[in-house]
Each structure stands twice: as C-alpha cells, then as structure tokens.
Amino acid sequence: MTKFPRSIRKSGYWLRWDIWRSPLVDEMTYFTPHVSRVSLLLPKVFLKSYAYFLFQDLIRYGKTKENLRRVTWQSVLDVPKRWFWHFYAVSIVWNGVLLVLSVNRLLVDQPYPVWLTEIVGLLTGVPVSSSQVPQVSALLVQVLLWVHSLRRLLESLFISVFSDGAIHIVQYIFGLGYYIILGLTVICADHLLNGNGIHGLPLLSQLGLCHVAGVTIFTWAIILQHRSLVQLARLRTGDSGTVETLAHRMPSGGWFDLVSCPHYFAECLIYVSMSLVSGGCSITWWLVVLYVLFCQALAAQLCHEFYRSKFKSYPKYRKAFIPFVL
C-alpha cells in the first residue's frame with residue numbers, strides 16, 4: 001500500500017493522489033469558470049477532485065457546459081443537444097400506445113394486455129385485475145402528457161435553433177427512459193388510488209374542480225413555454241426566419257424580464273397541472289413534480305449564472321427560475 005507523505009494526508013490531497021500523479025494532470029483544470037453558489041459550500045478538497053468534475057459534466061448541458069474544462073476523452077461521451085427531439089418522439093409513440101390502450105379499456109371494455117398488467121403489478125406490488133378500469137383523471141393526464149410531447153417535438157424540430165451544444169450520453173439515455181417510466185407512472189398511480197374491480201362513475205360525473213384547474217394551468221403554461229422558446233429562437237434568426245447566428249444573446253421582454261428561464265418555470269407548472277388533474281391526492285405524482293422542480297431549478301440556476309457571467313449589463317433584479325423568489 002502506498003505510504004503518502006504526512007503533508008499530503010493532512011491536507012486531504014491524497015483523495016486525488018492517483019489523479020495528479022497521472023497524465024490527466026496535464027488536461028485537467030482544478031476550477032471551472034462557472035461554479036454554482038451551492039458548490040461554494042462544499043469542501044475545497046472536493047472542488048479540486050476528479051469526482052467533482054465528473055459531477056459537473058453530468059449535470060450540465062448546452063451553453064452551461066461550454067466553459068467547463070474537461071478531460072479530452074470526456075467529449076467522446078457527448079451527443080448533440082439537438083437530439084432532444086428524440087425524447088419527445090419516444091414519448092409520442094410510447095405514451096400514445098398507452099393512451100389508446102386506456103381509451104379501449106374505458107370505452108370499448110377491452111382489457112389491458114397481459115404484458116402491461118404484469119409490468120404495473122411488478123412496479124406497484126399490487127396485482128392488477130382484468131376488471132380494472134382507468135378513471136377519467138388518469139385518461140386526462142395521459143392526453144395532456146401526449147399533447148405536451150407532441151408540442152415539444154414540433155418546437156424542437158421547427159422552432160428552436162440549437163447551437164453545437166452537447167449533452168452527456170448518460171443524460172441522453174436517462175431522457176429516453178424517463179418518458180417511458182412517466183407513462184407507466186400514470187397507470188400505476190391510478191391503479192394504486194382506485195384499486196381493483198372499480199368500474200367508476202360515468203365519465204362526466206367524475207369531472208371536478210381539480211380537473212378544470214389543472215387543464216387551465218396546463219393551457220397557460222404551455223402557452224408561456226411556447227412563447228418563451230419562440231423568443232429564444234428569434235435571438236438567432238432574422239425577420240425572414242433564417243438563422244443568422246448561433247451565438248448566445250441576452251434574452252429580454254415578456255417573462256424574460258422577470259426570470260432567466262421562464263420556459264423551465266413553465267415546465268414545472270405543466271407537471272403541477274398534471275398532478276392536479278390526477279386528483280391532487282397521488283403522492284407518486286407529487287414526487288414527480290418535486291423531481292421536475294429540482295431538475296428545472298438546477299438547470300435554470302446554471303443558465304442564470306452563465307448569463308450573468310457573459311453579459312455585464314445583465315439585470316440584477318432578474319431571478320433565475322421563479323419570479324421574485326428564486
């Protein structure tokens with residue numbers, strides 16, 4: 001076993017002894033230009049460790065990754081950010097299939113296929129009866145999820161102007177699996193809330209204020225997100241719609257005067273609306289909302305710090321994610 005010098009052990013540098021004794025030392029930088037305020041609370045020895053740079057590489061994408069000093073081989077694990085549309089294409093196909101199956105079960109009384117009931121039973125730990133019928137709440141959530149995915153696919157293909165930014169292959173694989181799991185989550189949550197053998201009330205009598213509130217918030221949120229994405233795209237296109245530059249420009253106007261990333265705020269509201277449509281009583285769905293909140297808040301904070309470091313005249317009153325709050 002290697003005996004590290006006393007000074008090395010005392011300072012904590014032994015945690016990365018194998019790094020600075022290796023050829024990686026010529027390629028690594030110990031500090032990144034954009035360090036989030038949360039990172040400043042971490043021990044300095046961690047901020048200088050290889051694990052920290054791997055972590056930064058995994059949580060950043062696109063413009064927030066541009067100035068991150070990385071080891072050469074890490075770029076091999078990058079895929080283009082413009083591949084985001086793959087996520088929504090997978091979601092449209094997979095969640096479209098689940099939506100059709102639910103509609104057939106509810107309206108035509110056609111049982112769920114065996115493979116689906118086995119997956120739901122495995123994930124929930126509760127056997128699924130052939131008499132299980134989805135409630136209108138679950139059906140509405142599936143419709144909203146499919147509409148959201150379709151809109152995002154069209155925006156990614158025909159509106160958004162992507163630069164040469166990248167995302168990590170782990171983020172890409174996770175994104176593909178996320179929408180598959182999300183579709184199953186809708187059915188699983190409905191199964192846990194309503195149990196087996198419940199045929200439910202007629203569709204219209206199942207509707208309530210939570211559905212109206214959820215659909216209203218969803219509609220407003222997708223409009224906000226669409227307008228925000230159009231504004232971002234126009235920063236790179238001329239009046240004719242042709243791409244003039246791929247450089248990052250400072251967004252302004254509309255909700256961009258309040259927050260740096262209103263489209264991330266809208267994404268969170270979209271999931272809040274789905275939770276309300278599901279009845280507002282599903283712990284599973286609120287956990288999904290919590291996950292989306294953390295992810296979007298992190299991405300918004302990183303973008304906010306990027307804008308503030310790049311544009312000296314960036315408004316100091318502008319928040320990152322939630323108007324007047326965060």
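Atoms considered below: every heavy atom in the structure, side chains included; atoms not considered: hydrogens, waters and symmetry mates. Numbers for residues simply follow the sequence, beginning at 1. On a predicted model such as this, the values are computed, not experimentally measured, just so you know.
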- Message: Applying side-chain contact (heavy atoms from CB on, under 4.5 Å) to Leu326 and Lys319, what does each step give before you reach the verdict?
- Response: CA-CA 6 Å; Leu326 176 63; Lys319 298 297 184 179; 5.9 Å; no

Practice item. Applying side chain to side chain donor-acceptor pair (under 3.5 Å), run through His304 and Ser260 and close with a yes or a no. Key: CA-CA 6 Å; His304 185 64; Ser260 296; 2.6 Å; yes

One should read off an interatomic distance between Leu99 CG and Leu144 CG, to the nearest 0.5 angstrom, of 10.5 Å

Using the rule that two of Ile, Leu, Val, Met, Phe, Trp, Tyr join whenever any of their side-chain heavy atoms come within less than 4.5 Å, decide whether Leu224 and Leu154 are in one cluster. yes

- Does the side chain of Ser137 reach to within under 4.5 Å of the side chain of Asp190, using non-hydrogen atoms? no

request  = Please answer: with hydrophobic residues joined when any side-chain heavy atoms are less than 4.5 Å apart, are Val141 and Leu287 in the same cluster?
outcome  = no

Minimal heavy-atom distance between Ala300 and Ala320, with the atoms involved, is CB-O, 3.7 Å

Taken in chain and number order and not counting sequence neighbours, the residues that satisfy side-chain hydrogen bond (donor to acceptor under 3.5 Å, both in side chains) with Ser313 are none

side-chain hydrogen bond (donor to acceptor under 3.5 Å, both in side chains) filter on Ser273, not counting sequence neighbours, yields none

Review point. Any side-chain heavy-atom pair from Val103 and Leu139 closer than 4.5 angstrom?
Key: yes

Sorted by chain and residue number, the side-chain hydrogen bond (donor to acceptor under 3.5 Å, both in side chains) partners of Arg236 (sequence neighbours excluded) come out as His248

With sequence neighbours left out, the residues meeting side chain to side chain contact (heavy atoms under 4.5 Å, CB included) with Val76 are none

In terms of heavy-atom contacts, Gln171 and Lys65 come closest through OE1-NZ, 4.5 Å

Residues passing the side chain to side chain contact (heavy atoms under 4.5 Å, CB included) test with Val93, sequence neighbours excluded, are none

(Q) Within the structure provided, determine whether Leu293 and Phe321 are in side-chain contact (heavy-atom separation under 4.5 Å). (A) yes

Next on the checklist: Are Leu98 and Ile187 packed together at the side-chain level, in the sense that at least one heavy-atom pair is separated by less than 4.5 angstrom?
Outcome noted: yes

Next on the checklist: Taking Leu101's backbone N and O only, do any of them form a donor-acceptor pair with Gln110's side chain (distance below 3.5 Å, no angle check)?
Outcome noted: no

Ser149 meets the side-chain hydrogen bond (donor to acceptor under 3.5 Å, both in side chains) criterion, sequence neighbours left out, with Ser91

For Met250 and Pro315 the tightest heavy-atom approach is SD-CD, 4.1 Å

Is any side-chain heavy atom of Leu302 less than 4.5 Å from a side-chain heavy atom of Leu298?
yes

Salt bridge (Lys or Arg N to Asp or Glu O under 4.0 Å) pairs touching residues 140-166, sequence neighbours excluded, are Arg82-Asp164, Arg151-Glu155, Arg152-Glu155

dist Tyr172:OH -> Ile167:CD1 (nearest 0.5 Å) comes out at 7.5 Å

Show me the side-chain donor-acceptor pairs of residues 176-185 shorter than 3.5 Å, one per line, residues at least two apart or across chains.
| residue | atom | partner | partner atom | Å |
| --- | --- | --- | --- | --- |
| Tyr178 | OH | Tyr271 | OH | 3.1 |
| Thr185 | OG1 | Ile181 | O | 2.7 |

Side chain to side chain contact (heavy atoms under 4.5 Å, CB included) filter on Val215, not counting sequence neighbours, yields Thr219, Val277

When rounded to the nearest 0.5 Å, the distance separating CD1 of Ile223 from OG of Ser228 is 11.5 Å

Could you tell me whether Phe324 atom CZ has more than 12 heavy atoms of other residues or ligands within 6.0 Å of it? no

Looking only at heavy atoms, the pair that brings Trp146 and Ile92 closest together is NE1-O, 3.0 Å

(Q) Does Arg318, at its CZ atom, have more than 12 non-hydrogen atoms belonging to other residues, nucleotides or ligands within less than 6.0 Å? (A) yes

Exercise. So Ser160 and Phe84, side-chain contact (heavy atoms from CB on, under 4.5 Å) or not? Walk me through it.
Worked result: CA-CA 11 Å; Ser160 297; Phe84 263 38; over 6 Å; no

Contacts satisfying salt bridge (Lys or Arg N to Asp or Glu O under 4.0 Å) that involve residues 207-228 (not counting sequence neighbours) are none

Note to self: Evaluate Ser156 against Phe87 for side-chain contact (heavy atoms from CB on, under 4.5 Å), listing each step before the verdict.
What the structure shows: CA-CA 10 Å; Ser156 298; Phe87 304 156; over 6 Å; no

In terms of heavy-atom contacts, Val259 and Pro323 come closest through CG1-N, 3.4 Å

- Item | Side chains of Lys63 and Tyr307 in contact at under 4.5 Å (non-hydrogen atoms) | yes

Flag yes if Val212 and Ile270 sit in one hydrophobic cluster, no otherwise; membership is Ile, Leu, Val, Met, Phe, Trp, Tyr, and two members link when side-chain heavy atoms are under 4.5 Å apart.
no

For His148 and Glu267: C-alpha separation, side-chain torsions, deciding distance, then whether side-chain contact (heavy atoms from CB on, under 4.5 Å) applies. CA-CA 10 Å; His148 173 57; Glu267 183 79 8; 3.4 Å; yes

Subject >> Check: Gly280 main-chain N/O paired with Trp285 side-chain donor or acceptor under 3.5 Å >> reply: no

d(Cys261 SG, Ile322 CD1) to nearest 0.5 Å is 12.0 Å

(Q) How about CZ on Phe294, more than 12 heavy atoms from neighbouring residues, nucleotides or ligands closer than 6.0 Å, or not? (A) no

Correct closest heavy-atom pair for Ser275 and Val289 would be CB-CG2, 3.9 Å

One should read off an interatomic distance between Phe306 CZ and Tyr314 OH, to the nearest 0.5 angstrom, of 10.5 Å

When you group the ILVMFWY residues by side-chain heavy-atom contacts below 4.5 Å and let the links chain together, are Leu77 and Leu58 in the same group? yes

(message) With heavy-atom distances below 4.5 Å as the criterion, would you say the side chains of Pro251 and Leu235 are in contact?
(response) yes

Interatomic distance, CZ@Phe311 vs CZ@Arg249, rounded to 0.5 Å, equals 9.5 Å

| query | Quick one: do Val325 and Val292 end up in the same hydrophobic cluster if we chain Ile, Leu, Val, Met, Phe, Trp and Tyr together by side-chain heavy atoms under 4.5 Å apart? | reply | yes

Residues passing the side chain to side chain contact (heavy atoms under 4.5 Å, CB included) test with Ile173, sequence neighbours excluded, are Ile169

Check: Ile283 and Trp286 side chains under 4.5 Å, non-hydrogen atoms: no

Residue pairs passing the ring-ring contact (aromatic ring centres under 6.0 Å, His included) test with at least one member in residues 211-241, sequence neighbours excluded, are Trp220-Trp255

Checklist entry - Under the 3.5 angstrom rule, does the side chain of Thr124 hit a backbone N or O of Val126 as a donor-acceptor pair? => result yes

